[in-house]
2 protein chains.
Amino acid sequence: MPNENLYPLHQNLLKVCNAIQPLSDALQKAIVAQTKVIQVKRKTRLLNAGETSDAIYFIISGAARVYYLDKEGVETTSWFLFENEFLISVYSFFTGEPSFEYLETIEDCTLIMLNRGTLNELYLQYLEFNVIGRKLTEYYYIRNEKQANDLRMLTAKQRYQALFTSNPKLINRVSLGYIASYLGISQETLSRIRKQI
Amino acid sequence: MPNENLYPLHQNLLKVCNAIQPLSDALQKAIVAQTKVIQVKRKTRLLNAGETSDAIYFIISGAARVYYLDKEGVETTSWFLFENEFLISVYSFFTGEPSFEYLETIEDCTLIMLNRGTLNELYLQYLEFNVIGRKLTEYYYIRNEKQANDLRMLTAKQRYQALFTSNPKLINRVSLGYIASYLGISQETLSRIRKQI
DNA sequence: CTAAACTTTTGACAAATGTCAAAAAATGAA
DNA sequence: TTCATTTTTTGACATTTGTCAAAAGTTTAG
């Protein structure tokens, strides 16, 4: 595992990618060279609605969420991301259209930042990297699909229990209001559900 | 546009792929050679829950749906697919795990069938094909995300109206009960919503 | 350490949606 | 075309979830 020593900050990112498909040394080097490690405080907005997303972030440490505003201006959280996950406004990043979502940290974070132009160059220059992109998209697709299915099929209480079961640590790191909007319910309802359990 | 004459049945499939990224002649030829055109009646089950998905289908004509059963055995439709779209159990096809979903036609269909082994060979042999796979997955990802967002944020009536606006033809081709489950509501409620509008 | 800001809980009530059962309407196979 | 089957609608009522307002609890920055 030479990576661990060569690129200490990028170690987990490379590990995640290598687990999908082994990367050539040249590609690993390119990834490290073309990305930037940044530190941001909690509640930092990394993308605003209306802006076009220009970057994807890998979370080394910390937590973040993706949210948007409904017609009445009420926040709805659509995603929580933690260590070793990618923070991205999929729609805006992939289409190049202005985002309807906000990206915001919910804890102090250390992030690896990769911008879109660079990613596309990597896709062109290292065709094997498309495999990684495809597989990651597949993986997140499946997560998203499960979410939609749960929203259709489960009651509020069942959705909370499913989330709690699949991701117990989340409950302690994320405020109730955010979780409620993620589950598609009001925070009062979630508070009452919690008391019952 | 030589494809139109060379491969009449595969014309639209190739057109969809070419629109994402031009395919080499060799790849086009390989796609045509490795796929099989089949005709099936309406209500044909192409995949059962518990089976591992081994194929992806491109719909030349007809319509289909993806559905699954909740704990009480009630059907919930998670997706409708029409001409020039891909019919697939994403979870099972991509992970190789047994499916929790059923694939079923809702009209007589003409389909292009591509099995997983072949697709993976194409991915290996024609690395550029991964770009197509990645982009298609991105596209369907975005659709899925929109669905989850609507389920969280909109009332039943708003969801119906959104569906009607974005896909009016669907309403006439798909029965009310299927649409209701797709929207995450009972069919009685959907029937009442329809009357109001 | 403390005040201000934010988050969670509670109560009372309103609105949305579900359930069950039966009738009406539409569809499709013989 | 006709009858059996499937789909949609309707009514009555139950349940879930939302809303508003206020109180209680917790966290954070100075």
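All chains are named by letter (A, B, ...) in the order of the sequence lines, taking the proteins before the strands, and each is independently numbered beginning at 1.
- Scanning for ring-ring contact (aromatic ring centres under 6.0 Å, His included) contacts around Tyr182(A) gives Phe80(A), with sequence neighbours left out.
- Contact check of residues 174-182 of chain A against DNA chain C (heavy atom, cut-off under 4.0 Å) returns Ser175(A), Leu176(A), Gly177(A).
- By the 6.0 Å contact criterion, NZ on Lys41(A) is open, its count of non-hydrogen atoms from other residues, nucleotides or ligands being 12 or less.
- Residues Gly177(B) and Gln187(B) share a closest heavy-atom pair of CA-OE1, 3.4 Å.
- Among residues two or more places apart in sequence or in another chain, the side-chain contact (heavy atoms from CB on, under 4.5 Å) test is passed with Arg45(B) by Asn48(B), Tyr67(B), Tyr102(B), Glu104(B).
- Taking the six-membered ring where tryptophan is involved, the planes of Tyr68(B) and Phe100(B) are perpendicular, since the angle between them exceeds 60° and thus also 30°.
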Filtered N/O pairs between nucleotides 10-18 of chain C and protein, under 3.5 Å:
| from | atom 1 | to | atom 2 | distance (Å) |
| --- | --- | --- | --- | --- |
| dT10(C) | OP2 | Lys195(A) | NZ | 3.1 |
| dG11(C) | N7 | Arg192(A) | NH2 | 2.5 |
| dG11(C) | O6 | Arg192(A) | NH2 | 2.9 |
| dA12(C) | N6 | Arg192(A) | NH2 | 3.4 |
| dT17(C) | OP1 | Ala156(B) | N | 3.0 |
| dG18(C) | OP2 | Ser186(B) | N | 3.0 |
| dG18(C) | OP2 | Ser186(B) | OG | 3.4 |
| dG18(C) | OP2 | Thr189(B) | OG1 | 2.9 |

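- Aromatic ring orientation, Phe86(B) versus Tyr140(B): perpendicular (interplanar angle above 60°, classes split at 30° and 60°).
- Checked against side-chain contact (heavy atoms from CB on, under 4.5 Å), Gln196(B) has the following partners two or more places apart in sequence or in another chain: Lys157(B).
- Separating the CG atom of Asn172(B) from the P atom of dT8(D) is a distance of 12 Å, rounded to the nearest angstrom.
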So which protein N/O to nucleotides 23-30 of chain C N/O distances come out below 3.5 Å?
none

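- Cation-pi check for Arg65(A) over Tyr178(A) is met; the charged atom lies under 6.0 angstrom from the ring centroid and within 45 degrees of its normal.
- What separates CD1 of Ile106(B) from C1' of dT6(D) is a distance of 15 Å, to the nearest Å.
- Straight-line distance from the CD atom of Glu75(B) to the P atom of dT6(D): 12 Å, rounded to whole Å.
- Separation of atoms CZ (Arg134(A)) and CG (Asn130(A)) is listed at 9.0 Å; rounding is to 0.5 Å.
- Atom NZ of Lys43(A) and atom C1' of dT28(D) are 11 Å apart (whole Å).
- Each of Val32(A), Asn18(A), Asn84(A), Ile112(A) was checked for a side chain to side chain contact (heavy atoms under 4.5 Å, CB included) with Leu13(A), and the lone residue meeting it is Ile112(A).
- Protein atom OH of Tyr160(A) is 19 Å distant from nucleotide atom P of dT16(D), rounded to whole Å.
- Residues Arg152(A) and Thr76(B) bring no donor and acceptor atom of their side chains to less than 3.5 Å of each other.
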